[in-house]
Participant: 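Got a structure here, written out as structure tokens. Questions coming.
Both backbone and side-chain heavy atoms feed into the values below; hydrogens, waters and symmetry mates do not. Quick note on labels: first sequence line is chain A, next is B, and so on, each numbered from 1.
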Amino acid sequence: MPMNTALHDTRVRFAPSPTGYLHVGGARTALFSWLFARHTGGTFVLRIEDTDFERSSEEMVNGILDGLRWLGIDWDEGPFYQSQRLPLYTATVHKLLESGHAYHCFCTREELELRRATAAEAGKTPRYDGRCRTIEAAEATQRISQGETAAVRFMVPRDGVTAFDDAVFGRMEFANAELEDFVLLRSDGIPTYHLSVVADDLDMRMTHIIRGADHLSNTPKQVLQYQALGAPLPIFAHVPLILGPDKTRLSKRHGATSVMSYKDMGIVPEAFRNFLALLGWSPGELAKQADGPDRELFSTDELVRMFSLDGIAHSNAVFNNDKLAWYNTEYIRAYDPARLLPLIEEEWRQANYKPTRSRDEILATIPLLQQRARSLKDFSSTFLAYFGDKFEVDPAALQKFLSNPAVVDHLAELGQRYASLEVFDEPRTEQLLRDFAAEKGVKAGALINGARVLLTGQSVAPSLFTVMVCLGQQRVVHRLQAGKQAIAL
RNA sequence: GGCGCUAUCGUCUAGGGGUUAGGACGUGAGAUUCUCAAUCUUAAAACACGGGUUCGAUUCCCGUUAGCGCUACCA
């Protein structure tokens, strides 16, 4: 029976294992959990599941925390570390031992492995046979006191079914006969996941367990423990997995899977969050607009307001980089320049670049560039000509628009004319160029395209005369005139 | 192998016993001409298959197929 909690009393957690960085699947689980907690006005807890000492590390924990912070996911309690809560798990095991729901198992890893292999060869399902069940508690205690090591296993009923209601998949039933007597406590006294997750979720009074669907088949093992402990069940909500383009589970093979690598690619956090939120979840009718297309762009507040467990999809979703890129352009373009600037500055720090223009000039320049930026990376690469005088010229652009020496000469001369222009604004710079083109008998477009390359280093840019005004008279004159030597080199 | 989950355009999805099956990304075509990676217009593109139930199934049920997950003293 699910707990009967008022919605505002919800307690949910994100419980990553620090055996790797924060990957996109984990990030989405965290997002959904966080969205649910915020939507219900409940509590969001962060718990680090570091009971696999071999593979866990402090560094990974920090990476995960950084990833969450970058995404704007904050937590109300924690981070708690399972490695520091060992007494809770042994206490839980003792309860289970005492109530006869668990027993000591003296089988060694080698023995188990051998039996598994034999069973597999015989075409049988490899499953622990429960042979240590019959060892009396007194005998077990004695053997342990004599120095034998033992693991503790849960005693799964031989028959019957274990059932629970999943908030996304509905009623789930598993035959107990399919389950083996799984290990709760390893022979070194360290709990397995199955034990620590139940002990902690109980101790931390979790009301909803939102996690990846890869845990669906494990859930009956946990339900059995809740029942053995006489505890009410939390509500489980399993979230389908994220797949790569080849429809296999997303992994390193598919390229970037770490959340922070998306930051490094110049993705802005809001874009990533919006994208992730709509991967495997849909606001359904809430996205409908009376006229026009369904909405796809949502602020965090809107996401929080609309989020619900029953909008979660039942099937796996393929991670779509193109759509992410689209979100990124939409968000970059919608930013207030003052809010975008710190992100750009961070990008410059990473690239070890220092702009030479003033903050005000830069702020005035950003709106021109936002429309065309695909990532924050553009601001530290193709857009550099707008922020200082050190920039590279795209060879393809050079080839396309400046391969004719006459054009280069004209542009140098045009630079001189601009030097003596009294009022350097858009209409006047354009008028001057068009008059000049007519005078020389060349097409204005040829000069415009050439000038664009000289001024910005690119063949693609905002309207040329807007760029000129943005750059300022001095720079325009200088770059147009410098073209001749630069190209000759 | 066993158990479980899933199946709507290439991808993310809406929908739901009677619909021209809606939107988004991407793709194609056109427009604009000062470039396009911007903008506008426009096109193509889906209910996996087979049985039921029903007057009628893409929708409900069963099966098949396919994909994914679990099947550790990992989490």
Participant: Identify, with sequence neighbours excluded, every residue that meets salt bridge (Lys or Arg N to Asp or Glu O under 4.0 Å) alongside A/Arg127.
Facilitator: A/Glu178
Participant: OP1 or OP2 of B/U6 versus the side-chain N and O atoms of A/His314: is any pair under 4.0 Å?
Facilitator: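 For B/U6, OP1/OP2 do have a side-chain N/O of A/His314 under 4.0 Å.
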Participant: Mind checking who B/U19 pairs with, Watson-Crick or G-U wobble, both distances under 3.5 Å?
Facilitator: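 Check on B/U19: unpaired, no WC or wobble geometry under 3.5 Å.
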Participant: Specify the residues of residues 268-285 of chain A, ordered by number, for which at least one heavy atom lies under 4.0 angstrom from an atom of RNA chain B.
Facilitator: A/Leu278, A/Leu279, A/Gly280, A/Ser282, A/Gly284, A/Glu285
Participant: When you compare the protein's N or O atoms with those of nucleotides 64-72 of chain B, which come within less than 3.5 Å of each other, and at what distance?
Facilitator:
from: B/C68; atom 1: O2'; to: A/Asn316; atom 2: ND2; distance (Å): 3.0
from: B/G69; atom 1: O3'; to: A/Arg249; atom 2: NH2; distance (Å): 3.4
from: B/G69; atom 1: N2; to: A/Ser217; atom 2: OG; distance (Å): 3.2
from: B/C70; atom 1: OP1; to: A/Arg249; atom 2: NH2; distance (Å): 3.0
from: B/A72; atom 1: O5'; to: A/Glu180; atom 2: OE2; distance (Å): 3.4

Participant: Hey, is the main chain of A/Met206 close enough, under 3.5 Å, to the side chain of A/Asp201 for a donor-acceptor pair?
Facilitator: no
Participant: Indicate for each nucleotide in nucleotides 28-50 of chain B, in 5' to 3' sequence, whether protein heavy atoms under 4.0 Å reach the base (B), only the sugar-phosphate (S), or nothing (-).
Facilitator: ------BBBBSS-----------
Participant: With sequence neighbours left out, write down each residue that passes side-chain contact (heavy atoms from CB on, under 4.5 Å) with A/Val161, or none if nothing qualifies.
Facilitator: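 side-chain contact (heavy atoms from CB on, under 4.5 Å) list for A/Val161, sorted by chain: empty.
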Participant: OP1, OP2 of B/A75 versus side-chain N and O of A/Arg186: anything below 4.0 Å?
Facilitator: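 Answer yes for this pair, as a side-chain N or O of A/Arg186 is under 4.0 Å from OP1 or OP2.
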Participant: Could you pull out all residues at least two apart from A/Asp52 that satisfy side-chain hydrogen bond (donor to acceptor under 3.5 Å, both in side chains)?
Facilitator: A/Arg55
Participant: Check RNA chain B against residues 12-30 of chain A and give the residues with a non-hydrogen atom under 4.0 Å, in numerical order.
Facilitator: A/Ser17
Participant: Side-chain polar contacts of residues 392-401 of chain A - donor-acceptor pairs under 3.5 angstrom, sequence neighbours left out - could you list them?
Facilitator:
from: A/Asp394; atom 1: OD1; to: A/Ala396; atom 2: N; distance (Å): 3.3

Participant: Could you give all pairs that pass the ring-ring contact (aromatic ring centres under 6.0 Å, His included) test and reach residues 235-255 of chain A, with sequence neighbours left out?
Facilitator: A/Phe164-A/Phe236
Participant: Report the residues that fulfil side-chain contact (heavy atoms from CB on, under 4.5 Å) with A/Val477, sequence neighbours left out, ordered by chain and then residue number.
Facilitator: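 If we apply the side-chain contact (heavy atoms from CB on, under 4.5 Å) test to A/Val477, skipping adjacent residues, the hits are A/Tyr418, A/Ala419, A/Gln473, A/Gln481.
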Participant: Could you give all pairs that pass the side chain to side chain donor-acceptor pair (under 3.5 Å) test and reach residues 147-160 of chain A, with sequence neighbours left out?
Facilitator: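 Listed once each, the pairs are A/Arg143-A/Glu148.
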Participant: Keeping A/Ser380 on the side-chain end and A/Lys377 on the backbone end, is there a donor-acceptor pair under 3.5 Å?
Facilitator: yes
Participant: Filter on salt bridge (charged side-chain N to carboxylate O under 4.0 Å, His left out), then keep only pairs touching residues 235-247 of chain A, sequence neighbours left out; what's left?
Facilitator: A/Asp246-A/Arg253
